[in-house]
Amino acid sequence: MAQVTFSDVPLGVMEKIVCHLKGQDKASVRLVSKAARDACDNTTTFLTVRRSQWNGFPNLQRLINCTVVLFLDDMATLPSFRLDKYEQQTEGSFLLVCGEWWWKRADLRKWIGMQKESRISKVGLMLCITEQPRGNVDVCDMIEEVLDEGAPDLHYLGVWSQLLESVPLSDGLKWTRRIPKLDSLEGLYLEFVDLDMSALRSMQHLRELRLFFDEWDTSNIATFASMPELQTLFLEPARKDILEPSMLLGLGQNIRCLKVQGRMSSLAISEHPLWADFMPELFDTLTSLQRFEASANAKDLVKAVLSILDNNPAPQDVVIVSTWVVCHFKGLWVAVDRESNAFRGVFRSIDAAKSAMGPLAIPEGFVLLF
Amino acid sequence: MCSVILRSSDGADHVVSQEAASLSKTVQSLLEELEAAKDGEESILIVPLPNVCDCTLRKVLQYCIQHTMSAQQVTEGPTPSDELKKREMEAWDRDYIMVSTDELYHLVMAAHYLNVPGLLELCCEGIANLIRGKSPEHVRQCFGLVKDFEAPEEESIRCTNLWALVDEKEQAKK
């Protein structure tokens, strides 16, 4: 019997097939045939453009569903942990730029200008610190240097650091003052930067703020509360004693998503043993809060949920959301990983839990890499 | 339970519950049409499927019957024990899709024609698994595809797309 040929497989089916592929496999398929290439083009929503493979700009006219273009430097130390943690939903198309090599290229700026007229609506910059600053250096000077006359308007900014033997190179950086060009910023992501929060007061459009810090000023919470559009706050305290859970009660009424986790220390705030009692109070106080997420274990909360699950809860009180088991608890919904029982978050509703699970499944959603 | 007969392209009849047959949306809509046209007669409905051969139809029905049975075992709402059943079903699916490339082709075409969403997704995942790790030439050989690019067009795709398609983990390893 002659071998079958997949050439008459409909395009819609081809698209379903290539959706299961990524990276090099998708590259191979794209080179197989015109139909395979079309299937790949139609299903590409997230592009990474690497410096070493640079051969010209992507033709976004073909990639009609693409919402994110991520220009990456070839930094082997780009930590994988950054890939899954930052989620930003956008309406319309989006562009991210990584590193000064890309940012300062005239052709890239020209391309951004052209795209902005058609599909690309937002621009982000990841500023990576690759050299150890001498003494206390003001990161504002660095930022102003890259935001020169010809630079595109910036909507998102991340300042992050290479690690040298687990020590961040940006340790010793300070952010001391307002930068007028950043007043319209929508997202800011900082790590190891000693931040004077008052410098952010003029960012009245800030919707998402992520901070990794080892020092904390008690007035910071009040600053967050004064940001009218701040919806997502991601705090990574380096030590447990920096931030007390009760401080979170002072956050603004617009906060919809709160993430707290420890990266460098296992004893960060999310290990605090009071979550079972604290969560209802937190959600009662922050009326807009839809979800609280943390990567580490809130042990008392997990224990309470497992106890409920062991006692045959009513079916409507337990919902499986992908790899999570979400259980009704004191008027809220608590998610634990169904295999490891690790704490995944507390949600006001099942819909909020579903939207937190699998950011790439959401149309127009993507993982923000900072 | 109400049964129907599904007739393959080569004339073989398969008696199957209406519930299992209705996993195929194509069959479901054909059944609705036949139901409306039968004018109150009590005879068993026969659904002709001219695009599916007996061998493939058997395999499709194996899927439909297994998934219908599994759905019946699940109680009103998902519970942790239902999760176990779900995982068993996933394991069954993995075994089910371990077929030759030829069979997979007929199965995916049948799943598409019969519009069985779960089966179609499973077939697509199975095909994707066969593609992973293979060069373009190897993929063509495996799936009987012909390179229909002109040389300059292929070169252009290679040049303008490779950057977009490099797996990050692979890059990190390098």
Side-chain angles (χ1 to χ4, degrees), chain A residues 1-10 12-14 16-37 40 44 47-59 63 69 72 74 76 78 80 83 309 312-320 325 338, chain B residues 75-83 86 101-106 108-109 111-113 120-121 123-149 153-154 157-174:
Chain A
M1 194 173 77
Q3 191 204 6
V4 296
T5 169
F6 280 62
S7 58
D8 48 357
V9 168
V13 176
M14 279 295 286
K16 281 182 185 292
I17 293 167
V18 300
C19 276
H20 290 279
L21 300 172
K22 57 184 178 181
Q24 197 63 53
D25 292 321
K26 208 166 180 181
S28 291
V29 169
R30 200 177 280 254
L31 288 161
V32 165
S33 67
K34 287 181 180 175
R37 178 202 59 193
C40 290
T44 297
L47 282 185
T48 55
V49 182
R50 286 192 170 275
R51 186 168 159 172
S52 59
Q53 268 90 36
W54 179 244
N55 278 300
F57 289 101
N59 180 1
L63 309 175
V69 185
L72 288 178
D74 296 321
L78 193 68
S80 61
L83 276 169
L309 292 174
N312 296 319
Q316 67 268 22
D317 285 343
V318 180
V319 178
I320 307 296
V325 177
R338 70 182 182 187
Chain B
T75 48
E76 287 176 359
T79 65
S81 62
D82 291 335
E83 269 303 293
K86 189 182 165 193
T101 311
D102 281 14
E103 282 179 278
L104 198 48
Y105 167 78
H106 291 296
V108 76
M109 294 301 269
H112 176 65
Y113 165 67
L120 181 60
E121 201 58 40
C123 290
C124 290
E125 194 178 344
I127 295 169
N129 288 339
L130 291 177
I131 290 173
R132 281 199 190 93
K134 291 188 173 68
S135 67
E137 188 49 45
H138 199 171
V139 173
R140 281 187 213 108
Q141 280 174 8
C142 244
F143 296 97
L145 295 168
V146 177
K147 182 163 68 175
D148 49 2
F149 298 121
E153 196 176 6
E154 183 185 359
I157 295 169
R158 200 177 288 279
C159 283
T160 58
N161 288 288
L162 200 57
W163 45 261
L165 304 158
V166 173
D167 187 76
E168 299 203 351
K169 285 177 187 166
E170 286 302 310
Q171 274 301 106
K173 279 180 202 166
K174 288 172 193 171

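Residue numbers start from 1 in every chain, and the chains themselves are labelled A, B, ... in the order their sequence lines are given, proteins ahead of strands. Excluded from the calculations below are hydrogen atoms, water molecules and symmetry mates; all remaining heavy atoms, backbone and side chain alike, are included.
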**OP:** Measure B/C123 against the heavy atoms of chain A and call it side chain, backbone, both or neither at under 4.5 Å.
**Re:** neither
Subject >> Non-neighbouring partners of B/E121 that pass salt bridge (Lys or Arg N to Asp or Glu O under 4.0 Å), sequence neighbours left out >> reply: A/K16
Original post:
Considering residues at least two apart in sequence or located in another chain, which fulfil the side-chain hydrogen bond (donor to acceptor under 3.5 Å, both in side chains) criterion with B/Y105?
Top reply: A/D8
**OP:** Would you name the heavy atoms of A/D25 and B/K134 that are closest together and state the gap between them?
**Re:** OD1-N, 4.4 Å
Original post:
Of the backbone (N, CA, C, O) and the side chain (C-beta and beyond), which part of B/E103 lies under 4.5 Å from a heavy atom of chain A, both, or neither?
Top reply: neither
Original post:
Any donor-acceptor pair under 3.5 Å linking the side chain of B/D148 with the backbone of A/K34?
Top reply: yes
Original post:
If you round to the nearest 0.5 Å, how far is CG of B/N129 from CD1 of A/I17?
Top reply: 11.0 Å
Subject >> Main-chain N/O of B/K147 paired to A/S33 side chain as donor or acceptor, under 3.5 Å >> reply: no
Subject >> Rounded distance (nearest 0.5 Å) linking atom CG of B/L130 with atom CZ of A/F6 >> reply: 7.5 Å
Subject >> Side chain to side chain, B/M109 and A/P10, heavy atoms closer than 4.5 Å >> reply: yes
Subject >> Side chain to side chain, B/F143 and A/V32, heavy atoms closer than 4.5 Å >> reply: no
Subject >> Salt-bridge present (B/E153, A/R37; N to O < 4.0 Å) >> reply: yes
**OP:** Would you name the heavy atoms of A/L31 and B/F149 that are closest together and state the gap between them?
**Re:** O-CE1, 3.5 Å
Subject >> Residue part contacting chain B, namely of A/V13, when any heavy atom lies under 4.5 Å >> reply: both
